[in-house]
Visitor: 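One structure is given below, represented as structure tokens, and several questions about it will come after.
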Amino acid sequence: MRDKIVLIDGHSILNRAFYGVPDLTNSEGLHTNAVYGFLNIMFKILDEEKPEYLTVTFDVHAPTFRHEMFADYKGTRKPMAEELRQQVPVIKDVLRAMHIEVIEKAGLEADDLLGTLSHRCEEKGMDVSIISGDRDTLQLATEHIKIRIPKTKQGKTEVEDYYAADVQERYGVTPKEFIDVKALMGDTADNIPGVPGVGEKTATKIIQQYQTIENAYEHVDELKPPRASKNLKEFWEQAQLSKTLATIKLDADITFELENARHENPYTKEAHELFQRLEFKNLLGRFDVEASVNDVEKYFREVTGKEEIEKVFKEAEKAETVGVAFSKDAGNVLPLFAHASGYGRVSLCYEAEKIVTIPCDMDADFEYLTGKLSHLAKSVKCFSMCGLKEYLEWLPELTSENGFDAIVAAYLLNPLKNDYNAEDVAREHLNLLIDEKLDEGTKSCYEAYTAYACVPVLEKKLEENGMFRLFNEIEMPLVFTLYDMEQAGVKVEGEELKRYGEELGARIIELEKEIYEMAGEEFNINSPKQLGVILFEKLEMPHAKKTKTGYSTAADVLDKLAPEYPIVAKILEYRQLAKLKSTYADGLANYIGMDGRIHSKFNQTITATGRISSTEPNLQNIPVRMELGRLIRKVFVPKEGCVFVDADYSQIELRILAHCSGDEQLIQAYREARDIHRMTASQVFHVPFDEVTDLQRRNAKAVNFGIVYGISSFGLSQDLSISRKEAAQYIEHYFESYPGIKTFLDKCVSDAKEKGYAETLYGRRRPMPELKSSNFMQRSFGERVAMNAPIQGTAADIIKIAMIHVNEELKKRNLKSRMILQVHDELLIEADETELEEVQQILQDKMEHAAELLVPLSVDMHTGKNWYEAK
DNA sequence: GATCTCACG
DNA sequence: ACGTACGTGAGATCC
């Protein structure tokens with residue numbers, strides 16, 4: 001059996017990875033996508049090949065890089081992107097930590113290193129795999145040297161393999177002849193001149209016939225086409241030079257000790273720490289966690305028997321802080337004693353060395369244990385869990401005074417993550433690794449311990465980041481508010497909804513028929529791909545836009561075609577109805593519970609800005625803009641004896657902008673309750689206030705929206721279907737009229753650049769690594785976000801405060817009315833008819849006084865027997 | 001699982 | 001020159 005060595009072309013693969021993997025950044029703001037992509041490719045190769053030896057080569061002098069991704073790029077080298085440059089030392093650190101040999105030699109091209117190493121290894125009788133993104137290395141392929149070129153396709157890495165025979169098959173020449181082909185055709189990127197007028201086709205033909213340029217030169221008069229014959233004669237010296245340049249050295253002067261390249265366990269402790277810092281979560285699974293010792297586990301204890309359990313709780317009651325975890329035990333616990341919800345175990349940590357897990361059994365079933373916990377909640381100062389809201393059902397005695405949610409705290413500290421869980425909190429904040437393959441009891445102990453131990457750590461970090469009050473006074477109380485809303489749910493008329501869906505269905509079938517007839521064939525209208533072919537190929541419509549994968553058939557494109565092509569209008573109508581039926585009519589029906597109500601989830605740890613999100617189902621995007629869709633709201637009804645009260649903030653984001661910017665004009669306008677869009681129109685278009693046309697007001701409104709989004713002339717021009725120039729002019733006039741706003745928005749960007757995060761009025765932070773990007777698009781995005789996040793985030797803060805106050809007031813007064821929905825700037829209350837006026841007064845008061853700004857907060861309120869009427 | 005489209009603020 | 005408005009969630013298609 002031949003030994004095998006894998007040689008990785010470091011810069012080439014790093015470069016591939018950089019352009020193939022979307023931008024990733026760790027919480028320190030360090031770009032990591034190239035390193036991540038590199039490691040993925042490397043691990044894939046190692047898993048496949050299991051080589052005895054492994055070496056990564058870097059050419060030291062690589063200040064510039066060829067852009068292989070862009071076909072239009074030719075000629076001189078472009079400087080390496082800053083985001084890539086900063087990752088070069090990182091990958092070297094990672095490799096060092098993994099004990100993988102790195103070979104660099106000043107003045108030597110990576111190709112020559114690879115050539116020499118592969119050649120030497122082959123002579124020693126080894127199999128060699130060269131991993132490179134550079135096709136020049138194909139000349140190195142032999143029977144025993146395999147060239148492997150990784151391709152990143154939609155997140156998946158595929159590898160093209162070339163032995164000598166494969167090169168012959170693919171390119172029609174042998175690897176050695178490949179050099180001569182290149183000598184003739186040249187390579188601008190590598191500064192190889194080649195022979196003028198000879199391209200790939202001609203070069204290949206000539207070499208297929210004559211094998212080498214020398215042989216071709218001997219028969220130079222027979223060469224075809226005549227141009228090649230003439231030029232080879234004329235540029236013979238240049239051709240010879242080109243061949244030298246194109247030839248990869250096999251005998252470079254380097255010292256290489258094979259034993260240094262021996263591939264042993266790369267999963268070292270140092271590498272693990274580095275991977276953690278880089279936040280390569282799904283690569284951490286490769287490490288053997290057992291190796292990294294922690295001494296927490298030895299304090300884990302399983303407790304059974306009523307006497308023992310009582311003893312534990314008695315001890316726990318004396319603690320200031322307890323960490324608690326519920327576990328869905330799939331193991332040994334008799335299902336008989338588990339709860340219907342699936343919980344079969346609770347765990348408790350009340351000192352760093354007192355960590356117990358209690359399986360539900362005949363002595364102590366789930367209700368008994370949660371009863372003990374709820375009782376415990378009355379005596380401790382801090383009752384901490386990971387994801388508190390999920391468990392409040394079982395802890396009726398817990399209040400926002402002493403409840404602590406580690407997950408919510410972790411979210412505030414970094415709101416950009418996709419998901420939050422106990423393992424991550426332990427790793428990031430306690431530097432504690434939790435094995436994924438643990439039994440339920442141990443895992444549950446870890447979670448309880450994490451909830452316990454992270455309290456002081458997270459509190460300190462919140463304090464340091466100026467978010468202590470935000471956490472204690474807004475986010476934690478909100479956990480309880482959201483829980484109440486989820487419990488309350490909203491009543492939905494199932495029968496009505498069904499009828500609505502059926503009506504839509506009937507119309508959809510009609511439309512389908514008409515569309516098929518007009519198209520002349522049947523196809524899947526829901527498939528953008530098929531639809532694109534019908535519209536833009538078969539019916540030859542002018543296609544305005546393209547997406548990555550084909551034609552865009554988005555509504556704004558179709559809107560422009562609709563006046564001229566009746567079928568497009570039908571398709572738009574079909575789309576609208578199909579959406580209403582699938583997402584809303586049918587979609588919502590699936591969520592109606594036994595109580596006739598929908599209990600949507602309100603998520604507190606999703607958005608980057610601090611907004612709440614709603615899922616299963618999303619009740620924050622129920623149609624309202626179009627009448628047909630809006631009708632859906634008629635099926636959302638209050639329960640018997642109740643009415644809906646819907647209250648929404650009027651232009652809260654613009655008011656926040658007025659406050660934060662201190663712009664005199666805008667503040668004055670809001671104090672006088674003037675029509676802001678009309679005023680803007682008057683200023684931007686230089687017309688008297690009373691002479692503003694509807695169109696001007698509409699456009700001004702779009703400008704105001706744009707300001708909040710972090711305006712760009714392009715975005716505004718798209719929205720208003722005007723030229724970019726015009727849009728830029730609107731913006732210019734706007735900033736002339738409101739100089740305070742311009743100053744404020746500029747400050748948002750410069751502050752965020754300086755601090756690395758954007759901040760709301762209440763101290764909520766959004767980290768902003770994008771602002772450091774050298775990529776124009778990403779940086780511009782960062783700038784828009786830096787303008788938008790403080791405004792959108794402050795609005796989110798304010799309505800959260802209002803929600804907490806409204807909910808508290810309803811409870812305090814023992815009212816039967818319940819807050820049931822939040823839609824970003826809107827609250828929906830199911831109000832008992834006898835309490836209607838009181839509820840209206842509470843809503844108005846608490847919403848308008850949630851924050852005291854330089855401008856009044858104004859609330860619009862409506863009542864009705866369904867959501868349609870109340871909006 | 002990625003992509004496209006579209007519903008909301 | 002680059003190629004976009006800010007923030008979400010869900011359904012359908014297609015690989």
Side-chain angles (χ1 to χ4, degrees), chain A residues 22 70 72 153-156 415 523-532 545-558 571-572 574-588 590-591 600-603 606-626 628-630 632-633 648-649 651-653 702-703 705-720 724 727 731 758 766 773-793 795-796 799 821-826 871:
Chain A
F70 306 115
D72 62 340
K153 267 189 197 163
Q154 291 166 347
K156 272 186 191 163
F523 65 102
N524 189 340
I525 308 167
N526 285 320
S527 163
K529 200 176 156 192
Q530 293 182 37
L531 181 60
K545 266 203 298 190
K546 273 180 282 181
T547 64
K548 265 179 270 184
T549 52
Y551 306 108
S552 169
T553 65
D556 60 329
V557 175
L558 299 194
I571 289 164
L572 282 166
Y574 172 90
R575 280 248 183 99
Q576 196 194 353
L577 301 194
K579 172 92 178 177
L580 289 173
K581 179 158 165 58
S582 68
T583 305
Y584 298 105
D586 301 347
L588 289 176
N590 292 326
Y591 286 100
S600 157
K601 278 185 170 174
F602 290 101
N603 313 295
I606 300 284
T607 69
T609 51
R611 274 189 176 177
I612 291 163
S613 96
S614 157
T615 50
E616 300 173 56
N618 181 356
L619 293 184
Q620 291 180 323
N621 71 347
I622 303 302
V624 67
R625 293 173 190 169
M626 306 282 271
L628 184 66
R630 192 174 192 147
I632 288 256
R633 292 179 174 236
D648 69 288
Y649 280 116
Q651 298 172 352
I652 186 166
E653 290 180 335
V703 173
F705 268 104
I707 295 293
V708 170
Y709 290 157
I711 195 131
S712 76
S713 55
F714 187 90
L716 185 65
S717 71
Q718 284 285 299
D719 191 51
L720 291 179
R724 243 172 90 178
I731 295 167
R766 169 171 179 164
S773 174
S774 69
N775 178 305
F776 173 85
M777 209 190 77
Q778 283 184 25
R779 195 174 56 250
S780 305
F781 172 72
E783 286 166 0
R784 291 195 295 272
V785 168
M787 297 187 249
N788 172 264
I791 301 172
Q792 190 183 124
I799 195 158
L821 290 180
Q822 187 255 36
V823 193
H824 309 306
D825 66 353
E826 166 190 358
K871 179 70 187 163

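Atom set for the values below is all heavy atoms of this structure, side chains included, hydrogens, waters and symmetry mates excluded. All chains are named by letter (A, B, ...) in the order of the sequence lines, taking the proteins before the strands, and each is independently numbered beginning at 1.
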Visitor: Please report the interatomic distance OH(Tyr709(A)) to CD(Gln792(A)), rounded to the nearest 0.5 Å.
Guide: 8.5 Å
Visitor: Quick one: is dC15(C) close enough that its OP1 or OP2 comes under 4.0 Å of any side-chain N or O from Lys529(A)?
Guide: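 Answer yes for this pair, as a side-chain N or O of Lys529(A) is under 4.0 Å from OP1 or OP2.
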Visitor: For Gln822(A) and dT8(C), what is the distance between atoms CD and P respectively, to the nearest whole Å?
Guide: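 It works out to 14 Å between those atoms.
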Visitor: Measure the distance from NE2 on His824(A) to P on dG7(C) and round it to the nearest whole Å.
Guide: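 After rounding, the reported distance stands at 13 Å.
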Visitor: With both distances under 3.5 angstrom, what nucleotide forms a Watson-Crick or G-U wobble pair with dC2(C)?
Guide: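 Its partner is none (no Watson-Crick or G-U wobble pair with both distances under 3.5 Å).
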Visitor: Just verifying a value: how many Å separate Asn788(A) CG and Glu653(A) CD, rounded to the nearest 0.5 Å?
Guide: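 Nearest 0.5 Å value for the CG-CD distance: 7.0 Å.
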Visitor: To the nearest angstrom, how far is Gln576(A) atom CD from dC8(B) atom P?
Guide: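 The answer, rounded to whole Å, is 9 Å.
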Visitor: Once you apply a heavy-atom cut-off of 4.0 Å, does Ala795(A) come out as touching a base, just sugar-phosphate, or nothing?
Guide: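 No contact.
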Visitor: Do Leu821(A) and Phe602(A) have side chains that get closer than 4.5 Å, going by heavy atoms?
Guide: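 Yes - at least one pair of side-chain heavy atoms lies under 4.5 Å apart.
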Visitor: Please tell me which of the listed nucleotides, dC4(B), dC8(B), dT4(C), lies nearest to the side chain of Met777(A)?
Guide: dT4(C)
Visitor: Which part of the nucleic acid, if any, lies within contact of Ser712(A), taking any heavy atom under 4.0 Å across all strands shown: a base, the sugar-phosphate backbone alone, or nothing?
Guide: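 If one applies the 4.0 Å heavy-atom cut-off, Ser712(A) turns out to touch a base.
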Visitor: To the nearest Å, give me how far apart CZ (Phe523(A)) and C1' (dA12(C)) are.
Guide: 15 Å
Visitor: What contact category does Gly710(A) fall into here, base, sugar-phosphate, or nothing, at under 4.0 angstrom with non-hydrogen atoms?
Guide: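 No contact.
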Visitor: Using the side-chain heavy atoms of Ala608(A), tell me which of these nucleotides is nearest: dG9(C), dT8(C), dT3(B).
Guide: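 Nearest to the side chain of Ala608(A) among the choices is dT8(C).
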Visitor: Roughly how far, to the nearest 0.5 Å, is the OG atom of Ser713(A) from the CZ atom of Arg724(A)?
Guide: 4.5 Å
Visitor: Across the strands shown, which category fits Glu826(A) at heavy-atom distances under 4.0 angstrom: base, sugar-phosphate, nothing?
Guide: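 Since no nucleic acid heavy atom lies under 4.0 Å of Glu826(A), the category is nothing.
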Visitor: Between dT4(C) and dT5(B), how far apart are the P atoms? Round to whole Å, please.
Guide: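 Between the two P atoms, the distance is 13 Å.
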Visitor: Taking the side chain of Ser527(A) as its heavy atoms from C-beta onward, which of dA7(B), dT5(B), dC14(C) lies nearest to it?
Guide: dC14(C)
Visitor: Write down the distance between OH (Tyr709(A)) and C1' (dC8(B)), rounded to a whole number of angstrom.
Guide: 10 Å
Visitor: Contact class for Gln718(A) (heavy atom, under 4.0 Å): base, sugar-phosphate, or nothing?
Guide: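 The answer is nothing, as Gln718(A) stays clear of every strand by at least 4.0 Å.
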Visitor: May I ask you to say what Ala702(A) touches in the nucleic acid, namely base, sugar-phosphate or nothing, with a heavy-atom cut-off under 4.0 Å?
Guide: base
Visitor: Could you measure the distance from the OG atom of Ser712(A) to the CD atom of Glu783(A)? Nearest 0.5 Å is fine.
Guide: 11.0 Å
Visitor: Does Ser613(A) make a side-chain N or O approach to OP1 or OP2 of dG9(C) shorter than 4.0 Å?
Guide: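 Yes, within the criterion.
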Visitor: I want to check something: taking the side chain as every heavy atom from C-beta on, are Thr553(A) and Ile571(A) in contact at a cut-off of under 4.5 Å?
Guide: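 No, too far: nothing below the 4.5 Å cut-off.
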Visitor: From dA7(B), dC6(C), dC14(C), pick the nucleotide closest to the side chain of Lys579(A)?
Guide: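 Closest nucleotide to the Lys579(A) side chain: dA7(B).
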Visitor: Does Thr547(A) make a side-chain N or O approach to OP1 or OP2 of dC4(B) shorter than 4.0 Å?
Guide: yes
Visitor: Output the distance between atom OH (Tyr584(A)) and atom CZ (Arg633(A)), rounded to the nearest 0.5 Å.
Guide: 9.5 Å
Visitor: State which of dC6(C), dC4(B), dT8(C) makes the closest approach to the side chain of Lys548(A).
Guide: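 Of all the options, the side chain of Lys548(A) is nearest to dC4(B).
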Visitor: If the P atom of dC4(B) is compared with that of dA5(C), how far apart are they to the nearest Å?
Guide: 13 Å
Visitor: Does a side-chain heavy-atom distance below 4.5 Å link Leu531(A) with Arg575(A)?
Guide: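 The answer is yes, as the side chains (C-beta and beyond) meet within the 4.5 Å cut-off.
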Visitor: Across all strands shown, which nucleotide pairs with dA2(B) by Watson-Crick or G-U wobble geometry, both distances under 3.5 Å?
Guide: dT13(C)
Visitor: Return yes if the base of dG9(B) and the side-chain atoms of Arg625(A) contain a donor-acceptor N/O pair under 3.5 Å, otherwise no.
Guide: yes
Visitor: Within the pair Arg611(A) and dG9(B), is there a side-chain N or O less than 4.0 Å away from OP1 or OP2?
Guide: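 Indeed not, no polar side-chain atom of Arg611(A) lies that close.
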Visitor: Please work out if Leu580(A) contacts a base, only the sugar-phosphate, or nothing of the nucleic acid, heavy-atom cut-off 4.0 Å.
Guide: nothing
Visitor: Nearest to the side chain of Thr549(A), which nucleotide is it out of dT3(B), dC6(B), dC8(B)?
Guide: dT3(B)
Visitor: Whole Å only: how far is the CD1 atom of Ile622(A) from the P atom of dA10(C)?
Guide: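 Checked: the CD1 to P distance equals 11 Å.
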Visitor: Assess whether one donor atom and one acceptor atom, taken from the side chain of Asn526(A) and the base of dA12(C), lie less than 3.5 Å apart.
Guide: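 Answer is no: no donor-acceptor pair is held.
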Visitor: Give me the atom names and distance for the closest heavy-atom approach of Thr609(A) to Ala789(A).
Guide: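 Looks like CG2-CA, 4.5 Å.
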Visitor: For Val708(A), report the nucleic acid contact type (base, sugar-phosphate, nothing); a contact means any heavy atom under 4.0 Å.
Guide: nothing
Visitor: Which nucleotide in the set dT8(C), dG9(C), dC6(C) lies at the smallest distance from any side-chain heavy atom of Asn618(A)?
Guide: dG9(C)
Visitor: Heavy atoms from C-beta onward define the side chain here; which of dG7(C), dC15(C), dT13(C) lies closest to that of Asn524(A)?
Guide: dT13(C)
Visitor: Less than 4.0 angstrom between a side-chain N/O of Arg766(A) and OP1 or OP2 of dG7(C), yes or no?
Guide: yes
Visitor: Check this one for me: any side-chain N or O of Ser582(A) less than 4.0 Å away from OP1 or OP2 of dA10(C)?
Guide: no
Visitor: Measure the distance from CD on Glu616(A) to P on dA10(C) and round it to the nearest whole Å.
Guide: 7 Å
Visitor: How long is the line joining CG of Asp556(A) and C1' of dT5(B), in whole Å?
Guide: 11 Å
Visitor: Would you indicate, yes or no, if dC6(B) has its OP1 or OP2 atom less than 4.0 angstrom from a side-chain nitrogen or oxygen of Asn621(A)?
Guide: no
Visitor: Base, sugar-phosphate, or nothing for Phe705(A), non-hydrogen atoms under 4.0 angstrom?
Guide: nothing
Visitor: When the P atoms of dA7(B) and dC2(C) are considered, how many whole Å apart are they?
Guide: 32 Å
Visitor: With a 4.0 Å cut-off on heavy atoms, is Thr553(A) in touch with a base, just the backbone sugar-phosphate, or nothing at all?
Guide: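 Sugar-phosphate, backbone atoms only, no base.
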Visitor: Is a donor-acceptor contact shorter than 3.5 angstrom present between the side chain of Arg784(A) and the base of dT4(C)?
Guide: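 In this structure, the two groups form a donor-acceptor pair.
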Visitor: Side chain of Ile711(A) only, please: which of dT8(C), dT5(B), dA5(C) is the nearest?
Guide: dA5(C)
